[in-house]
Novice: 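This is the structure I want to talk about, given as structure tokens.
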Number of protein chains: 2
Amino acid sequence: MKKISESTVRRLSLYLRFLQEASDGGLDTISSDELAQRGGTTSAQVRKDLSFFGSFGKRGLGYSVPELLRQIQEILGLSRSWKVALVGAGKIGSALFSYRDFQLRGFHIRAVFDTDPTKVGAAWGDLTVRDDGEMDAALREQGIDMVIVAVPAEAAQGVVDRVVKAGVRAILNFAPIRLRVPSSVALRNVDMTVELEGLSFALINR
Amino acid sequence: MKKISESTVRRLSLYLRFLQEASDGGLDTISSDELAQRGGTTSAQVRKDLSFFGSFGKRGLGYSVPELLRQIQEILGLSRSWKVALVGAGKIGSALFSYRDFQLRGFHIRAVFDTDPTKVGAAWGDLTVRDDGEMDAALREQGIDMVIVAVPAEAAQGVVDRVVKAGVRAILNFAPIRLRVPSSVALRNVDMTVELEGLSFALINR
DNA sequence: AACAGCTTGTGAAAACATTCACAAAATAAA
DNA sequence: TTTATTTTGTGAATGTTTTCACAAGCTGTT
């Protein structure tokens, strides 16, 4: 398969969101142009993005909302549910844990770990925060697909090394640090400081 | 000035981080290659990024850590402090509020707003959560530079319209929705669902 | 002073991503 | 059935970003 760029994948995610809104609104057909307007891009971009995966539209008509919805879910691997573990039961971890959108889209948090003895044992929903020492074995046993890292920067690389060794191949990192992972592991960073600094740059340059 | 790409700005942010680490480690000189290794990029990329803003290095030697640190801070507008308001006092808002890195880098949260009467009036550090109705006036009065949006998706566009009308020109959005803002306003999105979906895609495509 | 060893700064080349532009396919109306 | 209208899918053109490659400049050594 041809190499798909990260920006294409990001946009697919957005298209999916608009399709869900359109679907909720009872719309059953949508054009590349409508999709584009909502995502701040162009209709050509939408069509090009989709064209990497097939021809989903009807000329003269546009796309069937439910069908395109299903197709993009398939493309992104969202027709199945993923087992997620959360490492770090601090403020950010806790906010992520109760973030409804995750569950809604098939990302199920199945385990939470922390090193802090005052946190271990706490009940989070129907889970119990477990000791960090149990993590490595638990990741394998539970067949965890993805790990969300929400620990302090100093601890993050150590956690990730263990997570990778335990066979996990996708990591979402919230710690403000650039992690090293083998190229076989997918890594995304949510780096709030970088975003704020980008805004700062934008403010002084116009 | 020539147009600087968003990726360049992002990388400058990362370089800044490494320089701070290097500085803490007592290093006083660093090469583009060392900077590159840590950021997962190439030395040519580092030099090109910096070259948009000037010549900060010494051939044969590299860059002076404290000087490059200062220069990048200047470029990113971090030598001053920014006044930030937080809209949304839920889980995510609360996690962001106590995120030490922000204050550390000159982003000072000066006001918190929410619509929920059970939250309004609560003491957060030395601030009090204020009613959403006070926001528009307060943003102007306090001379807020940036707003962090941490409200539910349904409420986000409404908040942003008011924030823009109040003269704020930089917005960091955590709501899972594509916001519309005038082109004069800088907007960054932190979209955790998009990131997770990107990981999902990566998992099923290798 | 000349040389060896590094590392920067930068045009030019290559790779990658977006936009253009239009033939092809679908529908609806006459 | 023909025509008008719409919108897709896609090569080709354009624009942007990254990488290459090397002269120029700095330091330390002989």
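Numbers restart at 1 for each chain; the letters A, B, ... are given by sequence-line order, proteins then strands. What you see is a predicted model, and the numbers here were worked out from it, not measured in a lab.
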Novice: For A:Gln71 and D:dG9, give me the distance from atom CD to atom C1', rounded to whole Å.
Specialist: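 A:Gln71 atom CD is separated from D:dG9 atom C1' by 15 Å.
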Novice: Without swapping roles, check the side chain of A:Ser98 against the backbone of A:Ser94 for a donor-acceptor pair under 3.5 Å.
Specialist: yes
Novice: What pair of heavy atoms forms the shortest contact from A:Phe113 to A:Val129, and how long is it?
Specialist: C-CG1, 4.4 Å
Novice: Is A:Gln45 near enough to C:dT19 that one of its side-chain N or O atoms lies under 4.0 angstrom from OP1 or OP2?
Specialist: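 Affirmative; the distance criterion is met.
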Novice: Nearest whole Å is fine: how far is D:dT17 C1' from B:Lys48 NZ?
Specialist: 10 Å
Novice: With a 4.0 Å cut-off on heavy atoms, is A:Thr8 in touch with a base, just the backbone sugar-phosphate, or nothing at all?
Specialist: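 Nothing, no heavy atom under 4.0 Å.
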Novice: Just the rounded figure in Å: distance from P of D:dT8 to CG of A:Leu50.
Specialist: 10 Å
Novice: Tell me whether A:Arg206 at atom CZ has more than 12 heavy atoms from other residues, nucleotides or ligands lying less than 6.0 Å away.
Specialist: yes
Novice: On DNA chain C, check which nucleotide each of B:Gly54 and A:Arg11 is closest to and give me the residue with the more 5' one.
Specialist: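 Checking each residue's closest nucleotide, the 5'-ward one belongs to B:Gly54.
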Novice: Write down the distance between CZ (B:Phe56) and P (D:dC26), rounded to a whole number of angstrom.
Specialist: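 Going from CZ in B:Phe56 over to P in D:dC26 covers 16 Å.
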Novice: Which whole-number value in Å describes the distance from A:Ile4 CD1 to C:dC16 C1'?
Specialist: 13 Å
Novice: Going by heavy atoms in the side chains, are B:Phe97 and B:Leu127 under 4.5 Å from each other?
Specialist: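 B:Phe97 vs B:Leu127: side chains touch.
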Novice: Taking 4.0 Å as the cut-off, does a side-chain nitrogen or oxygen of B:Ser32 come that near to OP1 or OP2 on C:dT8?
Specialist: yes
Novice: To the nearest angstrom, how far is B:Tyr63 atom OH from D:dC26 atom P?
Specialist: 14 Å
Novice: Are the side chains of A:Arg178 and B:Phe18 in touch, meaning some heavy atoms are under 4.5 Å apart?
Specialist: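 They are in side-chain contact.
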Novice: Look at B:Ser7 and D:dT17 and indicate whether a side-chain polar atom (N or O) is within less than 4.0 Å of OP1 or OP2.
Specialist: no
Novice: When you check the phosphate oxygens OP1 and OP2 of D:dT19, does a side-chain N or O of B:Thr42 lie under 4.0 Å from one of them?
Specialist: yes
Novice: May I have the distance from A:Asp49 (atom CG) to C:dT18 (atom P), rounded to whole angstrom?
Specialist: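 About 7 Å, once rounded to whole Å.
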Novice: May I ask you to check whether A:Ser31 and A:Glu34 show a side-chain donor-acceptor distance below 3.5 Å?
Specialist: yes
Novice: Whole Å only: how far is the CZ atom of B:Arg10 from the C1' atom of D:dT18?
Specialist: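 Taking atom C1' of D:dT18 as the reference, CZ of B:Arg10 is at 17 Å.
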Novice: If the sugar-phosphate is the primed atoms plus P, OP1 and OP2 and the base is the rest, what is the B/S/- string for nucleotides 22-30 of chain C, using protein heavy atoms under 4.0 Å?
Specialist: -BBBS----
Novice: Do B:Asp161 and B:Gln157 get their side chains close enough for a donor-acceptor pair, meaning under 3.5 Å?
Specialist: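 Looking only at side-chain atoms, B:Gln157 and B:Asp161 do form a donor-acceptor pair, the distance falling under 3.5 Å.
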Novice: Please tell me which of the listed nucleotides, D:dT10, D:dT18, D:dC20, lies nearest to the side chain of B:Ala44?
Specialist: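 That would be D:dC20.
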